Enquirer: 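A single structure is presented below for examination.
Naming convention: chains lettered A, B, ... in sequence-line order (proteins, then strands); numbering from 1 in each chain. Predicted, not measured: the structure shown is a model, and the values here were computed from it.
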Amino acid sequence: MKIDCTINGSPTVLDVSPMRRLIDLLREEMKLTGTKEGCGEGECGACTVLIDGEAVNSCLVIASQIQGRQVVTIEGLTPRSGLTPLQESFVRKGGLQCGICTPGMIVAARALLDKNLEPDALEIRTAIAGNLCRCTGYHRIVDSILEAAELERSRLSLVDTAPPDL
Amino acid sequence: MTTEVEFCAPKNLAEALEFLALNRDKKTWILAGGTDIMPAINSRQISPLAVLDIWGLRELRILEQHQRHLTLGPLTTFSEMMQDPRIGQTVPLLREAAQSVGAVQIQNRGTLGGNIANASPAGDVLPVLAVHNAVLELRSAKGSRNVEFNAFYSGYKQSVLKPDELIYRIHVPIQWPQQIPYWRKLGTRQAQAISKVAIAAIAEVRGGILQDIRIGLGAVAPTVVRAKKTEDTLRGRRLDNRLIQAAGEIIQSDICPIDDIRSTARFRRRTTTNILRRFLSDLKLAHRGM
Ligand SMILES: Cc1cc2nc3c(=O)[nH]c(=O)nc-3n(C[C@H](O)[C@H](O)[C@H](O)COP(=O)(O)OP(=O)(O)OC[C@H]3O[C@@H](n4cnc5c(N)ncnc54)[C@H](O)[C@@H]3O)c2cc1C
Ligand code: FES
Ligand code: FES
């Protein structure tokens with residue numbers, strides 16, 4: 001089956017079996033191995049990607065369901081060099097140890113911050129409730145996302161108050 | 001794994017119904033958000049011979065507000081049930097139930113139609129549909145038929161849906177201002193937990209009398225059930241402590257819970273009684289002197 005979609009901003013045409021799981025398509029066809037598989041049953045969130053801006057588990061989505069959609073993976077949320085403020089916050093605040101859950105956490109956090117740049121700790125916990133972490137105990141992840149939100153807000157207000165560059 | 005699967009991603013509803021009719025002997029798996037089917041495929045509990053992917057069908061993704069009822073397409077996701085103000089205002093219990101489902105990733109994909117068709121006694125929107133007396137519109141290539149939600153299930157994981165039919169519309173009578181909604185779900189933790197016990201109810205109290213009450217129960221019987229005996233006991237009676245005490249006992253004859261991986265029959269029995277008594281006590285407090 002021919003699938004037309006956008007992956008990390010690039011228009012992409014794939015010729016794959018319609019029942020191929022999105023996670024396999026990303027990791028095996030596209031070599032985008034940042035997305036991890038934990039449980040394969042929708043429980044752990046390690047495979048989280050964005051489809052049309054919404055966080056979904058890529059182990060539960062099949063190829064035919066991304067026809068015409070925008071898919072964004074952790075690679076699409078990472079600059080060519082360096083890290084985003086969200087990623088830097090995870091490093092600074094100790095939001096990761098082994099790192100297996102991290103791509104999914106960052107994608108879930110991105111989906112939250114895109115809708116709500118002033119989340120409180122409870123809203124953050126709700127947004128990442130579908131992402132399991134066996135290492136950190138979550139407190140540091142919540143702190144990382146809180147800090148990232150603050151950083152992004154201050155950047156936005158810098159942009160807002162900058163004189164218009166006419 | 002996928003080579004021999006008969007697969008169809010229909011362009012429109014007619015094509016979908018035709019595929020169902022053609023493959024009616026094969027037991028076609030209708031795929032919506034995939035949050036029930038995909039874990040089952042990935043863990044090899046099922047290996048479908050025919051799959052109909054309806055996720056892309058616009059015709060199944062509608063929401064209409066009528067004077068007395070809300071009509072929902074089966075592809076309405078839990079996230080939409082949480083966020084759409086038309087749902088929140090007219091059937092607030094649907095929003096409450098959707099909020100208690102899975103986690104964000106599941107809410108973004110899991111659908112109303114999938115929850116109904118999956119026929120699990122623990123499906124969280126099901127007690128809500130039960131107390132609202134929802135009506136399901138089933139569609140096949142031959143036409144439509146309406147089935148009362150409360151007559152849809154015929155046993156554990158069994159329903160009257162035929163192999164060539166799909167759930168086309170869900171009609172939900174809306175809540176009136178004098179009806180008081182109640183929702184309570186008990187799981188192991190707040191997110192990602194399938195219910196051990198879930199209760200949806202709507203009540204109407206006037207002059208200290210319970211004019212009407214409907215109680216829907218999840219995960220305490222082979223299917224979602226209405227607590228008919230309890231409702232009959234309560235309806236038209238003065239809401240006092242004796243009645244509340246008695247209702248807590250009678251509800252035991254409305255349920256037949258089992259031991260499973262999530263909980264024990266004993267826990268479910270005790271909890272059902274406790275939640276009901278709590279709800280009725282709150283109701284009594286809220287209506288003191290009214
Ligand atoms: C991690 C996790 C947590 C979960 N937590 C909860 C929870 O808290 N509460 C809860 O209730 N559920 C929960 N679920 C189960 C699931 O998300 C819901 O049952 C959901 O509503 C299923 O919808 P779907 O569209 O994903 O169904 P699918 O998996 O696509 O389909 C489910 C069933 O419905 C059939 N079907 C789908 N649409 C139609 C239609 N229109 N007509 C006829 N048949 C149809 C399919 O053939 C299949 O048999 C959870 C699942 C996971 C993986
Ligand atoms: S691998 Fe997809 S949710 Fe665990
Ligand atoms: S850092 Fe190891 S699982 Fe989260």
Enquirer: Is the NZ or CZ atom of B:Lys27 positioned over B:Trp29's six-membered ring, under 6.0 angstrom from the centre and within 45° of the axis?
Expert: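 The answer is yes, since B:Lys27 meets both limits relative to B:Trp29.
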Enquirer: What part of A:Arg69 is in contact with chain B, defined as an atom under 4.5 angstrom from a non-hydrogen atom: side chain, backbone, both or neither?
Expert: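 Contact with chain B: side chain only.
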Enquirer: Whether A:Asp143 and A:Arg140 form a salt bridge (side-chain N of Lys/Arg under 4.0 Å from carboxylate O of Asp/Glu) is what I want to check.
Expert: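 A:Asp143 and A:Arg140: not salt-bridged.
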Enquirer: Would you say the side chains of A:Gln87 and A:Thr84 form a donor-acceptor pair under 3.5 Å?
Expert: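 Yes, because at least one side-chain N or O of A:Gln87 sits under 3.5 Å from a partner of the opposite role on A:Thr84.
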Enquirer: Under a 4.5 Å heavy-atom cut-off, does chain B meet the side chain of A:Ile23, its backbone, both or neither?
Expert: neither
Enquirer: Would B:Asn23 and B:Thr28 count as having a side-chain donor-acceptor pair, cut-off 3.5 Å?
Expert: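 No, no side-chain donor-acceptor pair sits under 3.5 Å.
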Enquirer: Between chain B and each of A:Asn57, A:Thr126, A:Leu112, count heavy-atom pairs under 4.5 Å; write down the option with the most.
Expert: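 If we count pairs closer than 4.5 Å to chain B, A:Asn57 comes out on top.
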Enquirer: Applying a criterion of heavy atom separation less than 4.5 Å, what residues of residues 43-55 of chain A form contacts with chain B?
Expert: A:Glu43, A:Gly45, A:Thr48, A:Ile51, A:Glu54, A:Ala55
Enquirer: Under 3.5 Å, is there a donor-acceptor pair linking the side chains of A:Gln65 and B:Arg109?
Expert: yes
Enquirer: Quick check on B:Val104 against chain A: is it the side chain, the backbone, both or neither that has a heavy atom closer than 4.5 Å?
Expert: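 When you check distances to chain A, atoms from both the backbone and side chain of B:Val104 fall under 4.5 Å.
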Enquirer: Is there a donor in the side chain of A:Asp4 and an acceptor in the side chain of A:Gln67, or the other way round, less than 3.5 Å apart?
Expert: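 Side chains of A:Asp4 and A:Gln67: no pair found under 3.5 Å.
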Enquirer: Taking the six-membered ring of B:Trp55 as reference, does the cationic atom of B:Arg61 (NZ for Lys, CZ for Arg) lie under 6.0 Å from its centre and within 45° of its axis?
Expert: yes
Enquirer: Where do A:Glu152 and A:Leu117 come nearest, in terms of heavy atoms and distance?
Expert: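 For A:Glu152 and A:Leu117, the tightest heavy-atom pair comes out as OE1-CD1, 3.5 Å.
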